[in-house]
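Report on one structure; see the data block that follows.
Just so it is clear, the structure is predicted and the values come from calculations on it, not from any experiment.
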Amino acid sequence: MNSALRSILVLSALLLGTQAKADGTPALSSAKTADQAGLVDIRSLAPDIAEDIKYAGSDNFVGRPVDGYLAPKCFLLKPAAEALARVERDLHAQHRGLLIFDCYRPARAVAHFVRWAGDLADQRTKPKHYPTLDKSALLGDYIAPVSGHSRGATIDLTMTQCDAHDAHCKPLDMGTSFDYFGTLANTESPQATPTQHAHRELLRAAMEREGFRNYAMEWWHYTLTPEPTPDTIYDVPVQ
């Protein structure tokens, strides 16, 4: 069985309601709304936080709006949202801020990613998102059949530097764009410059102070530890 088919079968089982297994496969929540899932809009806690929710538009590796993203919003389980709001508040004292690319991710969006990864004829986004890799290599290491984002406590983001009036905020140079598939995106990549490493460390230190853990393959990826619902994923649309 090839990896694409295996991924599709895993997703199909989850979307049909498979319960959590001893091997760590999560259960799919029956929640139909954000309120039922305990998801909150980050802007209810941090009204001025900057957002560029990539999967609600076409500026992403799929090249079109992703299933489940009906609005460019960031939802998180309340403990993760509260911790992220504290990070944003603390950064303001340094005339810095956060720029969010993705938060909670519906399970149907992950299924969309898997279908896209299996379509080897669609190479439209290769120059920007995976210039050094064959698309057939993306499923597994880069695109998994189940995403931690669907558990509601994982965020993709970067840091911005603002002027003395907390205006004209610009993203720090991290070495790659968001969702760059390749080793340069690894947080400790030796390919990154000293300045880029310093910027990545600024982000990591700010996030770790509030309990977020970085994923070593992606400088932008953080998960609240411990997770509020580690054995449950959600499929509530972002709207």
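Of the possible donor and acceptor atoms, one in the side chain of Ser189 sits under 3.5 Å from a partner among the backbone N and O of Thr183. His197 places no side-chain N or O within donor-acceptor distance of the main-chain N or O of Pro190, the cut-off being under 3.5 Å. Looking at Arg200, its side chain does come within 3.5 Å of a backbone N or O of Asn186 through a donor-acceptor pair. Side-chain atoms of Asp90 do not come within 3.5 Å of backbone N or O of Gln94 as any donor-acceptor pair. In terms of modelled atom types and a separation under 3.5 Å, the side chain of Thr232 and the main chain of Ala27 share no donor-acceptor contact. Judged by distance alone, the side chain of Arg151 and the main-chain N or O of Asp231 form no donor-acceptor pair under 3.5 Å. Under a 3.5 Å cut-off, the side chain of Lys135 and the backbone N or O of Trp116 do form a donor-acceptor pair. The backbone N or O of Lys32 sits less than 3.5 Å from a side-chain atom of Gln36, completing a donor-acceptor pair. In this structure, His199 contributes its side chain and Asp173 its backbone to a donor-acceptor pair below 3.5 Å.
Using a 3.5 Å distance cut-off with no hydrogens or angles, the side chains of Thr33 and Asp35 do not pair a donor with an acceptor. Side-chain N/O atoms of Tyr215 and Thr154 include no donor and acceptor closer than 3.5 Å. Judged purely by distance below 3.5 Å, without hydrogens or angles, the side chains of His92 and Glu88 pair a donor atom with an acceptor atom.
In this structure, the separation between OG1 on Thr187 and NE2 on His221 is 10.0 Å, given to the nearest 0.5 Å. Atoms CZ and NE2, on Arg105 and His112 in that order, are 12.5 Å from each other to the nearest 0.5 Å. Taking OG1 of Thr160 as the start and NE2 of His95 as the end, the distance is 12.5 Å to the nearest 0.5 Å. We find the OG-CG distance between Ser150 and Asp235 to be 7.5 Å, quoted to the nearest 0.5 Å. Here the CD-CD distance, from Glu201 to Glu208, works out to 7.0 Å after rounding to the nearest 0.5 Å. Atom CG in Leu77 sits 5.0 Å away from atom OH in Tyr234 (nearest 0.5 Å).
Using a 4.5 Å heavy-atom threshold, the side chains of Leu203 and Leu98 count as touching. Using a 4.5 Å cut-off on side-chain heavy atoms (C-beta onward), Ile100 and Ile53 make contact.
In summary, Arg115 and Asp67 engage in a salt bridge, as defined by a charged side-chain N under 4.0 Å from a carboxylate O. Here Lys128 pairs with Asp59 in a salt bridge; the nearest charged N to carboxylate O distance falls below 4.0 Å.
The two atoms that bring Lys54 and Phe178 nearest to each other are CG-CD2, 3.6 Å, heavy atoms only. Of all non-hydrogen atoms in Val236 and Ala34, the two that sit nearest each other are CG1-N, 3.4 Å. The nearest pair of heavy atoms linking Val110 to Ser147 is CG2-CB, 3.7 Å. Between Pro127 and Gln123, the closest heavy-atom pair is CD-O, 4.1 Å. In plain terms, the two heavy atoms of Val114 and Ala144 that are nearest each other are CG2-O, 4.2 Å. What you find for Phe212 and Ile155 is that their closest heavy atoms are CE2-CD1, 3.2 Å.
A perpendicular orientation is assigned to the rings of Tyr55 and Phe113, their planes being inclined by more than 60° (bins at 30° and 60°).
When hydrophobic clusters are built by joining Ile, Leu, Val, Met, Phe, Trp and Tyr residues whose side-chain heavy atoms come closer than 4.5 Å, directly or via intermediates, Leu138 is not grouped with Leu184. Linking ILVMFWY side-chain heavy atoms closer than 4.5 Å, directly or via other members, places Tyr130 and Tyr180 in two distinct hydrophobic clusters. Taking hydrophobic clusters as Ile, Leu, Val, Met, Phe, Trp and Tyr residues chained together by side-chain heavy-atom distances below 4.5 Å, Trp220 shares a cluster with Tyr142. Tyr104 and Val40 fall into different hydrophobic clusters, where Ile, Leu, Val, Met, Phe, Trp and Tyr are joined by side-chain heavy atoms under 4.5 Å apart, directly or via other members. Hydrophobic clustering, with ILVMFWY side chains joined whenever heavy atoms are under 4.5 angstrom apart, keeps Leu157 apart from Leu45.
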Checklist entry - Going through the distances and angles, do Met207 and Met159 end up as a side-chain contact (heavy atoms from CB on, under 4.5 Å)? => result CA-CA 10 Å; Met207 297 295 286; Met159 184 181 290; over 6 Å; no
Evaluation steps, side-chain contact (heavy atoms from CB on, under 4.5 Å), between Met174 and Thr176
CA-CA 6 Å; Met174 298 291 186; Thr176 76; 5.8 Å; no
Would Asp179 and Phe101 satisfy side-chain contact (heavy atoms from CB on, under 4.5 Å), going step by step from the backbone distance to the final call?
CA-CA 9 Å; Asp179 266 354; Phe101 300 125; over 6 Å; no
Pair Tyr222, Leu84 - check side-chain contact (heavy atoms from CB on, under 4.5 Å), show working. CA-CA 10 Å; Tyr222 286 85; Leu84 192 63; over 6 Å; no
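Atom NZ of Lys78 is surrounded by 12 or fewer heavy atoms from other residues, nucleotides or ligands within 6.0 Å.
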